[in-house]
There are 2 protein chains.
Amino acid sequence: MQEPTFLILTALAARPQHGYGIIADVAEISSGKVRLRAGTLYAALDRLSGEGLIETEREEIVDGRARRYYRLTANGATRLSAEAQRLRNHAETAFARLSIPPGTAFSPFPLPLSPREAW
Amino acid sequence: MQEPTFLILTALAARPQHGYGIIADVAEISSGKVRLRAGTLYAALDRLSGEGLIETEREEIVDGRARRYYRLTANGATRLSAEAQRLRNHAETAFARLSIPPGTAFSPFPLPLSPREAW
DNA sequence: TCTGTATATATAGATCACATGAGTATGCGA
DNA sequence: TCGCATACTCATGTGATCTATATATACAGA
């Protein structure tokens, strides 16, 4: 799962939202760093609906414009939780490895990773 | 940056490694969940070299087979650190939002996210 | 009034990371 | 001899994302 998709699910984890609201929420979540394009969003919404991770909650007409609200399904919440755990693990692993002091990357004391170290 | 790329940089954060070693290390890091294909790996190595995030350290001939060792550059370490922070933030945000008790997704007490809540 | 910006959704086409699958080659254990 | 592990290369396909555009309303400012 890529970043835009993850952030769309995260946006919907808080509450049901319509497309344009998701774009704003994702910008909010990512401190303005991820600005979803309409094309990305609506394609993702179709795909995620097809996968059963989100579903249409209701439709409204506001100022003559249709608003379609989506919400996270139970499957979607499970999936998002699994992905979040995955990201957290990856991030922690990267930090642990980056904390190796510079200059010791060629250390004669290799990290105890696996028997494959012997390669 | 996608998951395979992130994991390749993480593998190289520990120490210089050659292609096949990276494949094994990434499988290790991800508890066997990510199994890089040769095609994915070598394309990524070319791309990352071009971006200056990694570089060739040395080449060896072992049992008649060439082994090319890659290492993370200073730019690569900076980039990996930034990406790891990004993943950590995304993961924590998702967990925070998922922790909203089921059934309160339509709560009359919306999360204090932004003035855009008013939409 | 004209222009730009914000709201709101939709779609066609391009890009590019990644996946798939095959090829090339050596060494080793069953 | 067969299969597996090691080790790299390349051709082709897939699919999520990006770019750009279209449609439509409302409102602020020049």
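Hydrogens, waters and symmetry mates play no part in the numbers below; they use all other heavy atoms, side chains included. Order of the sequence lines fixes the chain letters, A, B, ..., with proteins taken first and strands second; residue numbering starts at 1 for each chain.
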Undergrad: Within the side chain of Ser81(B), is there an N or O that forms a donor-acceptor pair under 3.5 Å with the backbone of Ala77(B)?
TA: no
Undergrad: Between Tyr42(A) and Tyr20(A), which heavy-atom pair has the shortest distance, and what is it?
TA: OH-N, 3.9 Å
Undergrad: Any donor-acceptor pair under 3.5 Å linking the side chain of Arg71(B) with the backbone of Glu57(B)?
TA: no
Undergrad: Could you identify which residues of residues 74-92 of chain B place a heavy atom less than 4.0 Å from some atom of DNA chain C, listed by residue number, or say none?
TA: none
Undergrad: What's the CG-C1' distance between Leu7(A) and dA16(D), to the nearest Å?
TA: 14 Å
Undergrad: Applying salt bridge (Lys or Arg N to Asp or Glu O under 4.0 Å), can you list everything that pairs with Arg68(A), at least two apart in sequence or on another chain?
TA: Glu59(A)
Undergrad: Collect all protein-nucleotide pairs involving nucleotides 25-27 of chain D in which both atoms are nitrogen or oxygen and the distance is under 3.5 Å.
TA:
unit_1  : atom_1 : unit_2   : atom_2 : d
dT25(D) : O2     : Arg65(A) : NH1    : 2.8

Undergrad: What string of B, S and - do you get for nucleotides 9-22 of chain C, 5' to 3', when a contact is any protein heavy atom under 4.0 Å?
TA: BBB-----SSBBB-
Undergrad: I'd like to check the side chain to side chain contact (heavy atoms under 4.5 Å, CB included) partners of Asn75(B); sequence neighbours left out, ordered by chain and number.
TA: Leu53(B), Thr73(B)
Undergrad: Provide, to the nearest angstrom, the distance between the CG atom belonging to Leu45(B) and the P atom belonging to dC8(D).
TA: 9 Å
Undergrad: Nearest heavy-atom pair of Phe6(B) and Leu80(B): which atoms, and what distance?
TA: CE1-CD1, 3.5 Å
Undergrad: Calculate, to the nearest 0.5 Å, the distance between atoms CD and CE belonging to Gln2(B) and Met1(A) respectively.
TA: 12.5 Å
Undergrad: Hey, can you pull the donor-acceptor pairs under 3.5 Å for the side chains in residues 44-51 of chain B, sequence neighbours left out?
TA:
unit_1   : atom_1 : unit_2   : atom_2 : d
Ser49(B) : OG     : Leu45(B) : O      : 2.8

Undergrad: Specify the separation, in whole Å, of atom CD of Glu59(A) and atom P of dA8(C).
TA: 14 Å
Undergrad: Could you tell me whether the side chain of Gln17(A) and the main chain of Ala11(A) form a donor-acceptor pair under 3.5 Å?
TA: yes
Undergrad: Within this structure, what is the CD-to-C1' distance between Glu60(B) and dT26(C), rounded to whole angstrom?
TA: 16 Å
Undergrad: With a 4.5 Å limit on heavy-atom distance, are the side chains of Tyr70(B) and Thr56(B) in contact?
TA: yes
